[in-house]
Amino acid sequence: PPAPQPLRLQLPAAEAVIRPEYSWVGLAARAVGTIVHAELHRMSLAEGPSAPTAVASDASYEPWLAELGVEAPERATAAARITQALRRTLADERGRWLLSGNHRQAHSEWRLTGLHEGRVLNVVLDRMLIDEHGQRWIVDFKTGRHEGGSLELFLDAEVQRYREQLRRYAALARTLGPEPVRVALYFPLLGEFREIPL
């Protein structure tokens with residue numbers, strides 16, 4: 001009999017096709033995002049009496065920012081943004097819900113690999129949870145700032161910008177179980193949550 005033909009998996013498309021453009025983001029902004037994501041992950045692991053109710057001082061983040069290469073004159077402002085994002089998240093009902101350990105299932109900074117449209121796709125989900133209604137949520141944290149103009153227009157633009165990325169995340173998440181999948185963006189600096197219809 002003829003030899004079986006091996007299935008050749010295609011590698012992911014070029015980064016520019018897979019991910020939205022980030023060239024405008026400076027080093028300090030990237031460092032703020034890295035630290036906020038790490039702190040939200042840490043907070044999501046705390047349960048019961050140890051659940052976070054307060055945030056460290058701005059100064060405590062400056063050494064971490066230095067380690068990430070942020071120049072000394074930018075560190076105080078960047079550290080203030082980190083504490084603002086974390087405090088706002090803890091003050092926001094939706095933010096506390098996202099970090100809660102009371103879900104049927106919840107993961108932060110969760111790595112998944114799977115096939116999407118014939119290609120191998122590697123992703124990191126900022127937050128995945130199954131809520132009390134049996135719905136699987138994929139939530140991507142966005143630490144960008146809104147400066148001037150309409151907040152609603154800014155949020156609408158961000159939804160459009162990340163819709164395809166979250167569509168790919170949802171496709172992978174659907175293979176995890178029978179739960180319906182919903183996707184959203186959460187903006188810790190703004191305390192804003194936007195579900196993205198698929």
Side-chain angles (χ1 to χ4, degrees), residues 19-46 51-62 64-65 68 70 74-103 106-110 123-129 131 135 137-170 181-198:
R19 294 199 174 117
E21 177 63 43
Y22 294 109
S23 61
W24 52 269
V25 177
L27 179 62
R30 278 194 295 272
V32 166
T34 297
I35 295 171
V36 168
H37 277 73
E39 288 291 81
L40 292 174
H41 179 205
R42 181 186 61 78
M43 290 175 170
S44 74
L45 298 175
T53 55
V55 176
S57 68
D58 294 1
S60 65
Y61 292 110
E62 291 192 30
W64 197 348
L65 289 162
L68 293 174
V70 177
E74 298 179 279
R75 288 182 204 147
T77 302
R81 283 181 53 210
I82 293 165
T83 56
Q84 177 188 356
L86 298 175
R87 285 182 181 138
R88 187 135 220 196
T89 301
L90 290 178
D92 177 44
E93 183 179 353
R94 181 69 75 156
R96 291 190 308 274
W97 175 79
L98 285 170
L99 298 178
S100 170
N102 296 327
H103 303 292
H107 301 279
S108 291
E109 300 300 317
W110 203 36
V123 301
V124 179
L125 305 179
D126 293 344
R127 189 71 170 155
M128 190 287 299
L129 60 90
D131 69 14
Q135 298 179 97
W137 283 92
I138 307 300
V139 181
D140 208 32
F141 299 136
K142 296 299 171 197
T143 56
R145 290 185 298 181
H146 166 252
E147 297 176 357
S150 164
L151 176 60
E152 287 303 314
L153 289 177
F154 168 77
L155 295 173
D156 289 347
E158 292 292 279
V159 164
Q160 290 307 315
R161 178 183 170 101
Y162 293 104
R163 181 183 305 276
E164 281 306 304
Q165 176 180 316
L166 285 167
R167 187 179 68 78
R168 289 189 293 274
Y169 289 4
V181 176
R182 298 172 75 175
V183 298
L185 297 175
Y186 182 72
F187 300 83
L189 276 164
L190 305 171
E192 292 287 341
F193 180 91
R194 287 293 181 274
E195 183 173 358
I196 300 178
L198 298 173

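All values reported here derive from a predicted model rather than from experimental measurement.
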A.B. asks: So does Glu109 get a backbone contact from the side chain of Arg127, meaning a donor-acceptor N/O pair under 3.5 Å?
C.D. replies: no

A.B. asks: Under the side-chain contact (heavy atoms from CB on, under 4.5 Å) rule, what do Trp64 and Ile82 come out as? Steps first, then yes or no, please.
C.D. replies: CA-CA 11 Å; Trp64 197 348; Ile82 293 165; over 6 Å; no

A.B. asks: Is Arg42 paired with Glu39 through a side-chain N to carboxylate O contact shorter than 4.0 Å?
C.D. replies: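 A salt bridge is present here (some side-chain N lies under 4.0 Å from a carboxylate O).
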
A.B. asks: Rounded to the nearest 0.5 Å, what's the gap from CZ on Arg94 to CG on Leu98? Could you check?
C.D. replies: 7.0 Å

A.B. asks: Tell me whether Arg182 contacts the main-chain N or O of Gln135 through its side chain, where contact means a donor paired with an acceptor under 3.5 Å.
C.D. replies: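 It does not hold such a pair.
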
A.B. asks: Is any side-chain heavy atom of Leu27 closer than 4.5 Å to one of Glu74?
C.D. replies: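 Side chain of Glu74 against side chain of Leu27, heavy atoms only: no contact under 4.5 Å found.
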
A.B. asks: Drop me the distance from Arg88's CZ to Leu190's CG, to the nearest 0.5 angstrom.
C.D. replies: 6.5 Å

A.B. asks: Within the side chain of Arg163, is there an N or O that forms a donor-acceptor pair under 3.5 Å with the backbone of Pro197?
C.D. replies: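 Yes, Arg163 side chain to Pro197 backbone: donor-acceptor pair under 3.5 Å.
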
A.B. asks: Atom CG of Leu189 and atom CD of Gln84: how far apart are they, to the nearest 0.5 Å?
C.D. replies: 5.0 Å

A.B. asks: I'd like to know whether Glu195 forms a side-chain contact (heavy atoms from CB on, under 4.5 Å) with Val183, so could you lay out the CA-CA distance, the side-chain angles of the two residues, the decisive distance to 0.1 Å, and finally the verdict.
C.D. replies: CA-CA 6 Å; Glu195 183 173 358; Val183 298; 5.9 Å; no

A.B. asks: How are the rings of Phe154 and His146 set relative to one another: parallel (under 30°), tilted (30 to 60°) or perpendicular (over 60°)?
C.D. replies: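 The arrangement is tilted - the two ring planes meet at 30° to 60°.
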
A.B. asks: Can you tell me if Arg194 uses its side chain to pair, donor with acceptor, with the backbone of Asp156 under 3.5 Å?
C.D. replies: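 Looks like no, no N/O pair under 3.5 Å.
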
A.B. asks: Evaluate side-chain contact (heavy atoms from CB on, under 4.5 Å) for Asp131 paired with Trp97, printing each intermediate quantity in order.
C.D. replies: CA-CA 9 Å; Asp131 69 14; Trp97 175 79; 3.9 Å; yes

A.B. asks: Has Ser100 got a side-chain atom pairing as donor or acceptor with Arg96's backbone, closer than 3.5 angstrom?
C.D. replies: no

A.B. asks: Are Thr89 and Val36 close enough that some pair of their side-chain heavy atoms sits under 4.5 Å apart?
C.D. replies: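 No - every pair of side-chain heavy atoms lies 4.5 Å or more apart.
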
A.B. asks: What's the separation between atom OH in Tyr162 and atom OH in Tyr169, rounded to the nearest 0.5 Å?
C.D. replies: 9.5 Å

A.B. asks: Quick one: closest heavy-atom pair of Leu65 and Ala79, and the distance?
C.D. replies: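 In this case the closest contact between Leu65 and Ala79 is CD1-N, 3.5 Å.
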
A.B. asks: Considering the options Val32, Val70, Ile35, which one meets the side chain to side chain contact (heavy atoms under 4.5 Å, CB included) requirement together with Tyr61?
C.D. replies: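 Single pass found, and it is Ile35.
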
A.B. asks: Kindly give the heavy-atom pair with the smallest separation between His103 and Leu129, and that separation in Å.
C.D. replies: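 In this case the closest contact between His103 and Leu129 is NE2-CD2, 3.6 Å.
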
A.B. asks: What verdict does the side-chain contact (heavy atoms from CB on, under 4.5 Å) test give for Leu185 and Leu166, after you've listed the backbone C-alpha separation in whole Å, the side-chain angles of each residue and the deciding distance to 0.1 Å?
C.D. replies: CA-CA 9 Å; Leu185 297 175; Leu166 285 167; 3.5 Å; yes

A.B. asks: Are the side chains of Gln165 and Asp140 in touch, meaning some heavy atoms are under 4.5 Å apart?
C.D. replies: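 Touching, per the 4.5 Å side-chain cut-off.
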
A.B. asks: Can you find a heavy atom in the side chain of Glu158 that is under 4.5 Å from one in the side chain of Glu192?
C.D. replies: no

A.B. asks: Distance check, rounded to the nearest 0.5 Å: Ile138 atom CD1 versus Arg168 atom CZ?
C.D. replies: 14.0 Å

A.B. asks: Given side chains that start at C-beta, do those of Leu40 and Leu86 come closer than 4.5 Å, heavy atoms only?
C.D. replies: yes

A.B. asks: Minimum heavy-atom separation for His41 to Ser108, with atom names?
C.D. replies: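 Answer, listing the atom of His41 first, then Ser108: CD2-CB, 3.3 Å.
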
A.B. asks: Between Asp126 and Phe141, what is the shortest heavy-atom contact and its length?
C.D. replies: OD2-N, 2.7 Å

A.B. asks: Got Leu90 and Leu99 here, is their nearest side-chain heavy-atom distance under 4.5 Å?
C.D. replies: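 Heavy-atom side-chain distance check passes, below 4.5 Å.
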
A.B. asks: Is there a side-chain contact between Leu125 and His107 (heavy atoms, below 4.5 Å)?
C.D. replies: no

A.B. asks: Compare all side-chain heavy atoms of His37 with those of Thr143 and state whether any distance is below 4.5 angstrom.
C.D. replies: yes

A.B. asks: When you compare the side chains of Asp92 and Tyr186, does any donor N or O come within less than 3.5 Å of an acceptor on the partner?
C.D. replies: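 The criterion, which ignores hydrogens and geometry beyond distance, is satisfied for Tyr186 and Asp92.
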
